[in-house]
Amino acid sequence: MKTILTSIIVASILLIACEASPQETTSSEWWVTNPTSGAQLYVKKYTPDNVTDEALSTLVLVPGGNGDSSKFGKGRYSAQTLANEGFIVITFDPDGRGDSEGTEDYNGFTQQDGLKAVIESADSDSIGLVTFSYGITMGSGVLARYPELPVKFLIDWEGPADRNDTGGCDSANTGHLKEVADCNDEAFWAEREALTFISQIEVPYLRLQSEKDHAQPDVSHAIAMVNAAVRGGKTTWVRLNDEVVNTLYSSETLPELMPDSEEKDLMEKIGAYAQELF
């Protein structure tokens, strides 16, 4: 009898606790229209657990490769992990990917215009843009073409620089667009080389680079991106990891890069850098 009573009491306490502290809803979803393609794009917002989104800064995440927002759903790249660092976090599916309508554009002007619509839908004047791998092409493209957007900085994790990295157009012969476009297709590449766009952006630019790149055989693309941003002169703040601001590099002057072991905490590191940049 005593055991039964104890069980009833414990169950009652748990029931009261659940009623008093309902599960927090930490995400919401909506759709925006890409004005160029007319496609409806799927957007998801994450907020910190048990915290309202009032007066919080916003991070918009751009997926790598031909990826979509599912990359940020859980695991190492969890958007909620980043939200719990104290931000509103917005993810989206570009045209032709995930739950969005439209046709794959390989981060060209059409998908850049879709990203512009996503940024505007955030309805915030304190936004940071965070790109992963090939997402830098979409991110740098939208900032170069639309400098009026309310984006305060760009964080780029190991983004490829040009067709040599993404189109297999050099001796390394690497890149996910090798079968998509010819290396001499100037019209195609004019929309899809981050190295061109990065020299035109006006916001602070932080490049995150590990000792061993996740896709490229070396880190020459990191040097190229940082140098292009510095030499472009449109932004007054460019940094590689935690190094000195506005430093030019060469293969002989490459600084110590992020240890590969630290990438397991990538989202926490991005959160810390974002706090600094905001």
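We're numbering straight along the sequence, starting at 1. Hydrogens, waters and symmetry mates are skipped; everything else that's a heavy atom, side chains included, is used.
- Contact check on E191 versus R145 returns no salt bridge, with no Lys/Arg side-chain nitrogen under 4.0 Å from an Asp/Glu carboxylate oxygen.
- What you find for Q111 and D95 is that their closest heavy atoms are NE2-O, 2.9 Å.
- Using a 4.5 Å heavy-atom cutoff, the side chains of V151 and I119 are in contact.
- When all heavy atoms of W189 and D182 are compared, the closest pair comes out as NE1-O, 2.9 Å.
- Enclosure of atom NZ in K178 by more than 12 non-hydrogen atoms of other residues, nucleotides or ligands within 6.0 angstrom is indicated.
- Taking each heavy atom of H214 and S133 in turn, the nearest pair found is NE2-OG, 2.8 Å.
- Using a 4.5 Å heavy-atom threshold, the side chains of I127 and V60 count as touching.
- Checked for salt-bridge contact, R163 and E193 meet the test: a charged N lies under 4.0 Å from a carboxylate O.
- Applying the under-4.5 Å side-chain rule to Ile, Leu, Val, Met, Phe, Trp and Tyr, the cluster around W31 extends to Y42.
- The closest side-chain heavy-atom distance from N107 to Q112 is not below 4.5 Å.
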Salt bridge (charged side-chain N to carboxylate O under 4.0 Å, His left out) between R192 and D105, intermediate numbers included = CA-CA 10 Å; R192 298 172 178 87; D105 186 49; 3.0 Å; yes
query = Given R239 and E243, is the salt bridge (charged side-chain N to carboxylate O under 4.0 Å, His left out) satisfied, shown in steps?
reply = CA-CA 6 Å; R239 198 175 78 194; E243 297 301 313; over 6 Å; no
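- The closest side-chain donor-acceptor pair between Y146 and D113 falls under 3.5 angstrom.
- Screening residues 226-237 for side-chain hydrogen bond (donor to acceptor under 3.5 Å, both in side chains), with sequence neighbours left out, gives no hits.
- Side-chain rings of F132 and F72 approach one another, their centers coming within less than 6.0 Å.
- Residue E148 places its CD atom among more than 12 non-hydrogen atoms of other residues, nucleotides or ligands, all under 6.0 Å distant.
- The two residues L257 and S210 make their nearest non-hydrogen contact at CD1-O, 3.7 Å.
- Two residues are said to be in side-chain contact when any heavy atoms from C-beta on lie closer than 4.5 Å; F153 and L59 meet this criterion.
- In this structure, T247 and V230 have side chains that are not in contact, with every pair of non-hydrogen atoms separated by 4.5 Å or more.
- For the side-chain hydrogen bond (donor to acceptor under 3.5 Å, both in side chains) condition, the pairs that include at least one residue of residues 199-208, sequence neighbours left out, are D156-Y205, D156-R207, R207-Q209, R207-H221.
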